[in-house]
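Written out below as structure tokens is the structure these notes cover.
Computed from heavy atoms alone, side chains included, the values below leave out hydrogens, waters and symmetry copies. When a ligand or atom number is given, it counts from 1 through the structure's own listing order.
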Amino acid sequence: MEIFKNLINGQWVPAQSGETFEDRNPARNSEVVGVFAKSGKPDIEAAISAARAAYPTWRLVPAPRRAEILFRAGEEMIRRKEELAQSMTREMGKVIKEARGDVQEAIDMVFFIAGEGRRSHGFTAPSELPNKAAWCERQPMGVVGAITPWNFPSAIPIWKLAPALVLGNTVIFKPASDTPLTAHRLVEILNAAGLPKGVLNLVHGPGSVCGNALVESDDVDLISFTGSSEVGRHINAGCAPSFKRVSLEMGGKNGIIVMDDADIDLAVEGSIWGAFGTSGQRCTASSRIIVHKAVVEEFSAKLAARAKALKLGDGLDEKTDVGPVINKAAQQKILEYIEIGKAEGAKLLAGGAAETSGPCADGWFVQPTVFGDVKTSMRIAQEEIFGPVTAVIPVGSLEEAIEAANSTRYGLSASIYTRDVNKAFHAARDVYTGIFYFNSATIGAEIQMPFGGTRETGNGHREGGTQVLDVFSEWKTVYVDFSGALQKAQIDN
Ligand code: NDP
């Protein structure tokens, strides 16, 4: 079997230790999808040196020229979309329609951000002094370490790599160990599109070693991380001593509010998609459904019936609704949370076990699980389970619903189903999240809009939109005095 290598300084090279690791299909655990370089600190150091050496030249390449490479990569991603989607489903399990969506999101982002090669505007402002000009422009940060999770293995890396590159940074990309193949394919495409050597480097290997080496390096100027809040906290602390910029996109415990005047069938439909899409393994997954007591019985019965009818199996089968979870450890963690929910007194309405029969016999599957009678204080209503488990929380009013929505340490996404525009506006104003939806689930972000969350979901940065440019660049203010005399701001007038 082919051993997939790292890309360092334009060369595909094995780990210096010669070690490798396997990437397995979570739907068919006996199937090895690929064997990858298991890198260590020396590999990361080599990649950092390459990125550092490439930076002085790359930062001076005109941004429209840098963008041309991204446009070419985007065209190639369109050509290879189906191949990318198929290999993604094989390595991480999401159903093929969603894998195609993940690739499409990456394509959309590449083209959107490549447009910034001719835009990424600065601004001018009038000077308070005569014969003096003032403007502001973006300058690159330098060497970027991009550390990404497995659940959106093409979209999330591209959210980081495309803006980093178009702005003139050089990059070391450390993808999740569960999705190295998608990372390999993306880098292969970007590299073949014409990136000079050292501008984009790919290093596979354990986060605790390779990710950590990026965080600790004095030669890395920015860490852009998406993943769990636990790892994010560690990265944040690791970046603090050197004041390295760090952008963190982390967990969520997103709530859908369903009011008594909602279209219940639409709310059920949205909740099924929000809770069980990507087997609940989305940072924006609808893991809490906060339902008005007047409709909670009808809603819960319909939701449980729909959850029980979902078809589990290999995501490559077009008829599969819900694929596996990422690996055995994830399956065990999710099953433990189901036991915690039962012990806390929540009512199990659907699912509640691993699925081990038929097409699920050789994979890591968990039945779509619905808990009813959940209280906001329960752990299943507070902690990110990251699997196909959702908690129905009954409430008596809009105020109580908003309080419940705000009751976790996360703040990524929330939504409300209601026919009352006043309630919708109140909730949009008072729920403290980075993203809010009316009459749809907590998922469905579009790349041209800022993406990110409040509280322990993030540290104030936003990806997506043009706001992402602020992560990967630094503002420089330039003053030009063309008076030929000494002029003193704030003093002369
Ligand atoms: P992890 O935090 O476990 O891993 C994320 C990345 O960090 C991986 O590349 C991992 O490498 C690496 N890593 C692990 N330990 C360290 C370390 N000590 N130092 C540096 N890097 C490290 O998250 P998952 O991959 O399991 O992804 C799921 C999480 O991501 C969920 O919490 C989810 O909510 C969040 N997420 C947030 C999003 C957002 O935009 N807010 C979007 C998508 C997901 P390795 O794989 O080798 O362990």
Report task. Report yes or no: does a heavy atom of Gly205 sit under 4.0 Å from some atom of ligand 1? Result -> yes
Query - Check: Trp159 ring centroid to Phe152 ring centroid under 6.0 Å - result: no
**Report entry** Gln104-Asp108 side chain donor-acceptor pair, cut-off 3.5 Å
**Finding:** yes
Report summary line: For Phe225, the atoms of ligand 1 under 4.0 Å from one of its heavy atoms are 2 (O), 5 (C), 6 (C), 7 (O)
**Report entry** Region of Glu384 engaging ligand 1 - heavy atom pairs below 4.0 Å
**Finding:** side chain
Query raised in the report: Mind checking what makes side chain to side chain donor-acceptor pair (under 3.5 Å) contact with Asn6, not counting sequence neighbours?
Result: Ser39
Query raised in the report: Is the gap between the ring centers of Phe36 and Trp12 under 6.0 Å?
Result: no
Report task. Select one of side chain, backbone, both or neither to describe which atoms of Ser177 lie under 4.0 Å from any atom of ligand 1, heavy atoms only. Result -> both
Query raised in the report: Counting each atom of ligand 1 from 1 as listed, which ones have a heavy atom of Asn151 under 4.0 Å away?
Result: 43 (C), 44 (C)
Requested in this report: Before signing off on this row, confirm whether Ser228 and ligand 1 have an N or O atom pair separated by under 3.5 Å.
Outcome: yes
Requested in this report: Select the closest option to atom 5 (C) of ligand 1 among Thr278, Thr226, Thr284, Leu412, judged by heavy-atom distance.
Outcome: Thr226
**Report entry** Pro206 neighbourhood, listing ligand 1 atoms whose heavy-atom distance to it stays under 4.0 Å
**Finding:** 47 (O)
Report summary line: Ile147 heavy atoms within 4.0 Å reach ligand 1 at atoms 6 (C), 7 (O), 9 (O), 12 (C), 21 (N)
Query - Residue part near ligand 1, for Gln281, under 4.0 Å between non-hydrogen atoms - result: neither
Query raised in the report: When only distance counts, is Lys174 in polar contact with ligand 1, meaning an N/O pair under 3.5 Å?
Result: yes
Report task. Can you pull out the closest protein heavy atom to atom 25 (O) of ligand 1? Residue, atom name and distance to 0.1 Å, please. Result -> Trp150 CD1, 3.0 Å
Query raised in the report: Do Thr226 and Lys160 meet the criterion of a side-chain donor-acceptor pair at a distance under 3.5 Å?
Result: yes
Query raised in the report: Out of Met250, Lys253, Glu230, who gets a non-hydrogen atom closest to atom 37 (C) of ligand 1?
Result: Met250
Report summary line: Within 4.0 Å of some non-hydrogen atom of Ile156, the atoms of ligand 1 are 42 (C), 43 (C)
Query raised in the report: So which heavy atom in the protein is nearest atom 21 (N) of ligand 1, and how far is it from that ligand atom?
Result: Gly207 O, 3.5 Å
Report task. Could you tell me whether atom 9 (O) of ligand 1 has at least one protein heavy atom nearer than 4.0 Å? Result -> yes
Report summary line: ligand 1 atoms nearer than 4.0 angstrom to some heavy atom of Pro175 are 9 (O)
Query raised in the report: So, is Ser229 polar-close to ligand 1, with some N/O to N/O distance under 3.5 Å?
Result: no
Report task. Give the residue and atom name of whichever protein heavy atom lies nearest to atom 27 (O) of ligand 1, and the separation in Å to one decimal. Result -> Pro149 CB, 3.3 Å
Query - Among Ala329, Ala330, Cys283, closest by any non-hydrogen atom to atom 39 (C) of ligand 1 - result: Cys283
Query - Minimal non-hydrogen separation, Met250 against Gly232, with atom names - result: SD-CA, 3.6 Å
Query raised in the report: Going by distance only, is there an N or O of Thr148 that falls short of 3.5 Å from an N or O of ligand 1?
Result: yes
Report task. Quickly, which of Thr369, Val325, Leu312, Val370 forms a side-chain contact (heavy atoms from CB on, under 4.5 Å) with Pro388? Name it, please. Result -> Val325
Query - Under 3.5 Å side-chain donor-acceptor pair for Glu116 and Thr466 - result: no
Query raised in the report: With atoms numbered from 1 as shown, which atoms in ligand 1 lie under 4.0 angstrom from a non-hydrogen atom of Ile235?
Result: 20 (C), 21 (N)
Query - Any donor-acceptor pair under 3.5 Å from Ser224 side chain to Ala146 backbone - result: no
Query raised in the report: Between Arg138 and Asp470, is the closest basic N to carboxylate O distance under 4.0 Å?
Result: yes
Query raised in the report: Hey, which of Glu82, Arg90, Glu83 is the one that makes side-chain hydrogen bond (donor to acceptor under 3.5 Å, both in side chains) with Gln86?
Result: Glu82
Query raised in the report: For ligand 1, is Val215 a contact, meaning one of its heavy atoms is under 4.0 Å away?
Result: no
Query raised in the report: Which of the numbered atoms in ligand 1 are below 4.0 angstrom from a heavy atom of Phe451?
Result: 39 (C), 40 (O)
**Report entry** Cationic N near anionic O, under 4.0 Å, Glu339 to Arg379
**Finding:** no
Query raised in the report: Only one of Thr182, Asp102, Thr148 clears side-chain hydrogen bond (donor to acceptor under 3.5 Å, both in side chains) with Ser154; which?
Result: Asp102
Requested in this report: Check the pair Phe365, Thr356 against side chain to side chain contact (heavy atoms under 4.5 Å, CB included), reporting the backbone distance first and the verdict last.
Outcome: CA-CA 7 Å; Phe365 290 88; Thr356 53; over 6 Å; no
